[in-house]
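Order of listing sets the numbers, starting from 1, for every ligand and every atom in it. Values below: all heavy atoms of this structure, side chains included; hydrogens, waters and symmetry mates excluded.
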Amino acid sequence: MSALRAETVLDVEHWTENLFSFKTTRSPSFRFDSGQFVMIGLEIDGKPLLRAYSMAGSAYDDTLSFFSIKVANGPLTSKLQNIKAGDPILVGAKPTGTLVLDNVKPGRNLYLLSTGTGLAPFLSIIRDPRAYERFAKVVLVHGCRFASELTYGRQHVEEINDDPLVGEMAANQLIYYPAVTREPFTHRGRITQLINSGRLTSDIGLPPLDSAFDRAMLCGSPAMIGDLRTLLTARGFNEGASHTPGEFVIEKAFVEK
Ligand code: A2P
């Protein structure tokens with residue numbers, strides 16, 4: 001296991017019964033690429049208990065941001081959900097991951113397709129100027145069961161206009177598309193259905209997904225990843241990986257174990 005650093009919790013926000021977010025101090029030597037994840041956790045019974053979490057903030061922030069589910073019986077999140085400002089938290093020294101801009105080929109529009117806490121890595125990418133330099137439009141799609149689960153993401157998208165680094169680019173190029181499955185909502189349905197029916201692209205005024213031009217990054221449950229991978233592959237998209245860029249890349253959302 002790579003080295004761990006002890007950081008300090010700065011701020012915790014609870015969004016729903018099942019979702020919370022928190023910020024921690026950031027060692028100046030901790031570097032990551034937008035979209036990457038790192039092992040974080042708590043010392044429990046004298047041993048580190050760690051899980052993978054994507055950085056949900058900008059690579060340029062002085063602090064680290066994380067977005068988490070709460071699982072009553074989850075070994076880590078049952079405890080992590082009780083953290084407060086001032087508490088210590090362990091953060092691994094080696095961020096890694098596939099959802100980085102260099103792993104997708106150049107293209108026209110970049111689709112960031114997420115469900116649940118799979119949103120987190122994309123909150124980092126939408127604050128990376130390279131996303132806007134490389135793509136005409138950056139489309140952030142966030143699918144949730146209920147509208148209340150969208151709040152954390154919506155707040156980030158609203159605040160991006162004040163970001164001195166990307167605010168202006170995001171105002172022109174970022175498209176936010178929240179979708180809800182289990183209650184009435186403007187955009188209702190699973191991401192897979194919204195793409196298959198053509199509704200997603202027609203709602204935002206872009207042409208249907210085309211592997212010649214469009215690129216995608218996926219983060220969500222294994223089922224969501226599996227279905228979207230099938231959908232994209234059928235449309236001629238090839239999956240990329242580190243050092244072999246493709247038309248799309250995937251990462252499982254790090255749902256609690
Ligand atoms: P649904 O409510 O129809 O299950 P979860 O919390 O279970 O990960 O779900 C988060 C969101 O992802 C929900 O809106 C859920 O829709 C949706 N979802 C679940 N499975 C898939 C899938 N295979 N493809 C696309 N979206 C999915």
Side-chain angles (χ1 to χ4, degrees), residues 13-21 35 37 51-54 56 66-78 80-81 97-99 109-123 125-126 139-157 175-204 206 208-209 211 214-237 239 247-257:
E13 283 188 90
H14 293 267
W15 300 98
T16 69
E17 262 178 23
N18 305 314
L19 290 172
F20 71 112
S21 65
F37 66 87
R51 295 288 182 260
Y53 275 80
S54 298
F66 300 100
F67 186 35
S68 181
I69 54 169
K70 309 177 195 177
V71 177
N73 303 321
L76 180 62
T77 67
S78 62
L80 197 61
Q81 63 182 282
T98 319
L99 296 181
N109 299 315
L110 176 65
Y111 286 84
L112 305 172
L113 307 176
S114 66
T115 52
T117 55
L119 172 74
F122 300 145
L123 295 179
I125 289 175
I126 62 170
V139 184
L140 176 63
V141 181
H142 188 204
C144 287
R145 296 180 182 194
F146 303 104
S148 59
E149 296 165 322
L150 297 167
T151 314
Y152 180 65
R154 170 169 296 118
Q155 198 163 303
H156 275 252
V157 171
I175 299 173
Y176 173 55
Y177 192 91
V180 164
T181 46
R182 300 199 186 187
E183 63 184 354
F185 193 73
T186 332
H187 311 130
R188 186 158 183 187
R190 287 185 168 193
I191 295 177
T192 36
Q193 297 161 339
L194 294 163
I195 292 177
N196 269 332
S197 64
R199 172 137 183 235
L200 166 62
T201 42
S202 73
D203 279 350
I204 60 178
L206 290 178
L209 283 190
S211 63
D214 296 319
R215 304 292 171 251
M217 293 176 144
L218 280 46
C219 192
S221 64
M224 173 271 205
I225 295 288
D227 287 353
L228 274 175
R229 179 195 257 147
T230 305
L231 186 162
L232 291 173
T233 307
R235 291 181 180 223
F237 287 73
E239 187 174 340
E247 280 97 39
F248 75 100
V249 283
I250 66 166
E251 201 106 81
K252 270 195 314 252
F254 304 107
V255 180
E256 164 72 0
K257 302 113 211 169

Carefully, step by step, assess D227 and I191 under the rule side chain to side chain contact (heavy atoms under 4.5 Å, CB included).
CA-CA 10 Å; D227 287 353; I191 295 177; over 6 Å; no
Candidate pair L150 and F185, rule side chain to side chain contact (heavy atoms under 4.5 Å, CB included), full reasoning
CA-CA 11 Å; L150 297 167; F185 193 73; 3.5 Å; yes
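Of the possible donor and acceptor atoms, none in the side chain of Q155 sits under 3.5 Å from a partner among the backbone N and O of T151. Side-chain atoms of E251 come within 3.5 Å of backbone atoms of T98 as a donor-acceptor pair (strictly under, hydrogens ignored). Within the 3.5 Å criterion, the main-chain N or O of G116 finds a donor-acceptor partner in the side chain of H142.
Between H187 and Y177, the two ring planes are parallel [angle under 30°; tilted spans 30° to 60°]. Between H14 and F20, the angle of the ring planes stays under 30°, which puts this pair in the parallel group of the 30/60° scheme.
Ligand-side atoms of ligand 1 in range of A223: 23 (N), range being under 4.0 angstrom from any heavy atom. Within ligand 1, the atoms closer than 4.0 Å to a non-hydrogen atom of T192 are 24 (N), 25 (C), numbered from 1 in the order shown. Residue R145 has at least one heavy-atom neighbour below 4.0 Å for each of these atoms of ligand 1: 2 (O), 5 (P), 6 (O), 7 (O), 9 (O), 13 (C), 14 (O). Applying the 4.0 Å criterion to heavy atoms of R182 picks out, from ligand 1, the atoms 1 (P), 2 (O), 4 (O).
With rounding to the nearest 0.5 angstrom, the CD1 atom of I195 is 6.0 Å from the CG atom of L232.
Atom 4 (O) of ligand 1 has its closest protein heavy atom at R190 NH2, 2.9 Å. Atom 15 (C) of ligand 1 has as its closest protein heavy atom T181 OG1, 4.0 Å. The single protein non-hydrogen atom nearest to atom 23 (N) of ligand 1 is D227 OD2, 2.8 Å, given as residue, atom name and distance. Given atom 10 (C) of ligand 1, the protein heavy atom at minimum distance is T115 CB, 4.0 Å.
Checked by distance only, ligand 1 and S221 stay at 3.5 Å or farther apart across all their nitrogen or oxygen atoms. Not one N or O of G116 is nearer than 3.5 Å to an N or O of ligand 1, by distance alone. Distances between N or O atoms of C144 and those of ligand 1 include at least one value under 3.5 Å.
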